[in-house]
Chemist: 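Sharing a structure with you now.
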Protein chains: 2
Amino acid sequence: MTVPRRPATMADVAARAQVALSTVSRALNGRPGVSPAQAERIRAVARELHYAVSPAASGLVTGRSGAVGVLLPHIDQWFHSTALAGLEDALRGSGLDVLLYRAESAADRAAFFQSLPFRRRVDALVVIAVSLTAEESSALSGHGVPVVAVSSRIPGAPFVGIDDGAGAAGAVRHLTNLGHRRIAVIRSTNATGSFGSASTSRFAGFRQAMEERKLPVPPEYVVSAPWGMEGGSEAMAALLSSADIPTAVFTESDEVAIGALRTLRRSNLVAGRDISVMGFDNHSMADLMDLSTVAQPVREQGRIGGQMALEAMETGSVEQPETVLPTRLIVRGTTAAPGAE
Amino acid sequence: MTVPRRPATMADVAARAQVALSTVSRALNGRPGVSPAQAERIRAVARELHYAVSPAASGLVTGRSGAVGVLLPHIDQWFHSTALAGLEDALRGSGLDVLLYRAESAADRAAFFQSLPFRRRVDALVVIAVSLTAEESSALSGHGVPVVAVSSRIPGAPFVGIDDGAGAAGAVRHLTNLGHRRIAVIRSTNATGSFGSASTSRFAGFRQAMEERKLPVPPEYVVSAPWGMEGGSEAMAALLSSADIPTAVFTESDEVAIGALRTLRRSNLVAGRDISVMGFDNHSMADLMDLSTVAQPVREQGRIGGQMALEAMETGSVEQPETVLPTRLIVRGTTAAPGAE
DNA sequence: ATGAAAGCGCTAACAA
DNA sequence: TTGTTAGCGCTTTCAT
């Protein structure tokens, strides 16, 4: 495969094909007004020259960049990379590229929301699991660029996600149905030390399910720790040191639950027998660890987010701007009736 | 935060600041020839208007797009997303955006290598863990765009990765040192059904270590399966059905090893006691599963890949074009002497 | 120190 | 059906 040193321009193709520049543009973009024979000839020349349009040049004219931006807090966490894969699935074949905007630290975010660089760079922005302030949310809209929210809502933007509160409540009802009354919860904070919207909703679902059964939630049964295995591990240790150890623990994510399981194991306690543990997400590790959890379709959320972006780009709006995907309780070995042998 | 409906152009800033367009360009790009007071005034106006340069327009002039492309086979696998995070770390603060090119299927690849779209889109291309054919490799170079190889080598391109062969050989020596003589290996195929270069190198390391000890590698001790837990699970089942069950199994990745562990558990065999299992990568699950493995610094590989790309963009070449990061044997519970109780 | 103007590679009128 | 031409929003000479 021999490829010329300088990328071929449309003018090169036109010269080689002995036609005008505009004819090449028409032929390559599949526009009418070019005889089929001519078009085929031009396409052949383009292929031969390994021609690729300059998105910069065409974008300057059309106002479209040919890219979709993705704003996410992390790229190496299971939820985010899985959703991103789903988004890629949806965009595959559309000819659109994916541009990453990582907003992990407060500084990243401030920079992003000051200059809003995506306005010039992308034709749509998909925001995955970023809980925005009201100010940040409003800064996103009003440019020509459609915004889609995945997992965390953005006022005025199409949304795809799950009902975190309902999922959590269902999980806690599973515990109360088993007979648990002393149920603790491990809340998780994000990189900036606060609770994200998913976390907040799941906690609300927990409270609601407890209230339904008139079960008390003493302050020492609500522990917070940084998201992740480490945090889950520490939080469980804190719970084990309380005067009245809970019989069940609800966590906001499988990673946290798995950290909790590790502490249990090290304390010679058996999950499911001595203490029940619930996760959330159905991470691939959950099956492995026999962890009861709430499954959510993550890749699907990304896929639908991508479709919404495509639709918004084409039609200017999204028919079904609110898609709430179902969650599913998965009962495995880490939850059982209290005191069961 | 009020942001104008139409993104401000440089002309808008110039008009508001009562200066010529070119002065704005100079001021915003920190070029000499603008009085400090004027420059500050202009920057203030730009901030006020939430101005962001159009990369398309500036790129058209300068030939630089302000983006780095990343070509990878997956984005939702641990290695790839972790390396990508490292690359992001390196690019943070450079003002460069990251553009994703996913080359999972053969069709994706063919499309990518036909039009080589990155030539116009990005200022550098980082290829993460893609084993290229000679033809593909040569197609990548020769444009003005520097190419960096992470994990899998590309002839002529700066490389960062590990010594897969040495890592694998070390792991197998660990097994032979424990006294194992009947050691099997599970090889992993990728999405296109073939062995990647890392896989090939690790297998070579396995063979070498076995030869050093003059240990035989009968064909039935070399099983191949699709990469992943499922594949590992199946491969281990195949090994357990052989006439002469091995006392140790070397795998090419932790995910595969964990699948193998699952089969062991279901067969009422205990890893480390009945059969030793070695992983590779030191995935976060490895610690959890008490899996012996070979640790490699993945995020660091991505980070260095990003730095190499930056250096190549700035200077045209990379000082240290070959960085081989060390691997580290981590002995955990799944490996022990054969026949030990 | 500042301004005017050419042009980067395309698309989209408008002409022929 | 094809060709000609005016910009898109910038950077970069070249004047001033």
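Proteins come first, then strands; the chains are lettered A, B, ... in the order of their sequence lines, and each starts at number 1. Any value given below was found using the heavy atoms of this structure, including those in side chains, with hydrogens, waters and symmetry copies removed.
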Chemist: Between C:dG9, C:dT11, D:dG9, which one does the side chain of A:Leu21 approach most closely?
Modeler: C:dT11

Chemist: Measure the distance from CZ on A:Arg41 to C1' on D:dT1 and round it to the nearest whole Å.
Modeler: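 These atoms are roughly 14 Å apart.
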
Chemist: Using only side-chain N and O atoms of B:Tyr51, determine if any of them is under 4.0 Å from OP1 or OP2 of D:dC10.
Modeler: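 For D:dC10, OP1 or OP2 has a side-chain N or O of B:Tyr51 closer than 4.0 Å.
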
Chemist: Could you tell me the separation between the CG atom of B:Leu49 and the P atom of D:dG9, rounded to a whole number of Å?
Modeler: 14 Å

Chemist: Pick the closest DNA chain C nucleotide for A:Arg64 and for A:Ser54 by heavy atoms, then say which residue is nearer the 5' end.
Modeler: A:Ser54

Chemist: Starting from P on C:dC10, measure out to CG on A:Leu28 and report it in whole angstrom.
Modeler: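 Checked: the CG to P distance equals 10 Å.
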
Chemist: Whole angstroms only, please: what is the CE-P distance between B:Met10 and C:dT2?
Modeler: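 Checked: the CE to P distance equals 16 Å.
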
Chemist: What does B:Thr62 touch in the nucleic acid at a heavy-atom separation under 4.0 angstrom: a base, only the sugar-phosphate, or nothing?
Modeler: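 Sugar-phosphate only.
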
Chemist: Regarding B:Ser58, tell me which of base, sugar-phosphate or nothing describes its non-hydrogen contacts under 4.0 Å with the strands shown.
Modeler: sugar-phosphate

Chemist: Does B:Gln38 make a side-chain N or O approach to OP1 or OP2 of C:dT2 shorter than 4.0 Å?
Modeler: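 So the side-chain polar atoms of B:Gln38 do come within 4.0 Å of the phosphate oxygens OP1 or OP2 of C:dT2, strictly under.
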
Chemist: Using the six-membered ring wherever Trp is involved, compare the ring planes of A:Phe112 and A:Phe118 and label them parallel, tilted or perpendicular (cut-offs 30° and 60°).
Modeler: parallel

Chemist: Could you pick out which residue, A:Ala57 or A:Val19, lies toward the 5' side of DNA chain D when each is mapped onto its nearest nucleotide?
Modeler: A:Val19

Chemist: Look at the side chain of B:Leu60 and decide which nucleotide, out of C:dG3, C:dG9, C:dA1, has an atom nearest to it.
Modeler: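 Minimum distance to the B:Leu60 side chain belongs to C:dG9.
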
Chemist: For B:Arg26, which contact category applies under a 4.0 Å heavy-atom criterion: base, sugar-phosphate, or nothing?
Modeler: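 Counting heavy atoms under 4.0 Å across all strands, the contact made by B:Arg26 includes a base.
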
Chemist: Salt bridge check, A:Arg47 against A:Glu40: does any charged N sit closer than 4.0 Å to a carboxylate O?
Modeler: yes

Chemist: What is the distance, rounded to the nearest whole Å, between atom CD1 of B:Ile42 and atom P of D:dT11?
Modeler: 13 Å

Chemist: Might you confirm whether atom CD of B:Glu319 has over 12 heavy atoms from other residues, nucleotides or ligands at distances under 6.0 Å?
Modeler: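 Not buried by this count: 12 neighbours or fewer within 6.0 Å.
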
Chemist: Just by distance, with hydrogens left out, do B:Asp123 and B:Ser65 show a side-chain donor and acceptor under 3.5 Å apart?
Modeler: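 The answer is yes; a qualifying pair exists.
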
Chemist: Under a 4.0 Å threshold between the charged nitrogen and the carboxylate oxygen, would A:Arg121 count as salt-bridged to B:Asp97?
Modeler: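 Looking at B:Asp97 and A:Arg121, the cut-off is met.
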
Chemist: Please determine whether a side-chain nitrogen or oxygen atom of B:Thr23 lies at a distance below 4.0 Å from atom OP1 or OP2 of C:dG3.
Modeler: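 For C:dG3, OP1/OP2 do have a side-chain N/O of B:Thr23 under 4.0 Å.
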
Chemist: OP1 or OP2 of C:dA12 sitting under 4.0 Å from any side-chain N/O of A:Arg31?
Modeler: yes

Chemist: Could you state the atom-to-atom distance from CG of B:Asn29 to P of C:dA1 in whole Å?
Modeler: 16 Å

Chemist: How is B:Ser22 classified with respect to the nucleic acid when contacts are heavy atoms under 4.0 Å: base, sugar-phosphate, or nothing?
Modeler: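 The residue B:Ser22 makes base contact.
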
Chemist: Output yes when at least one side-chain N/O atom of A:Ser25 is less than 4.0 Å from OP1 or OP2 of C:dA12, else no.
Modeler: no

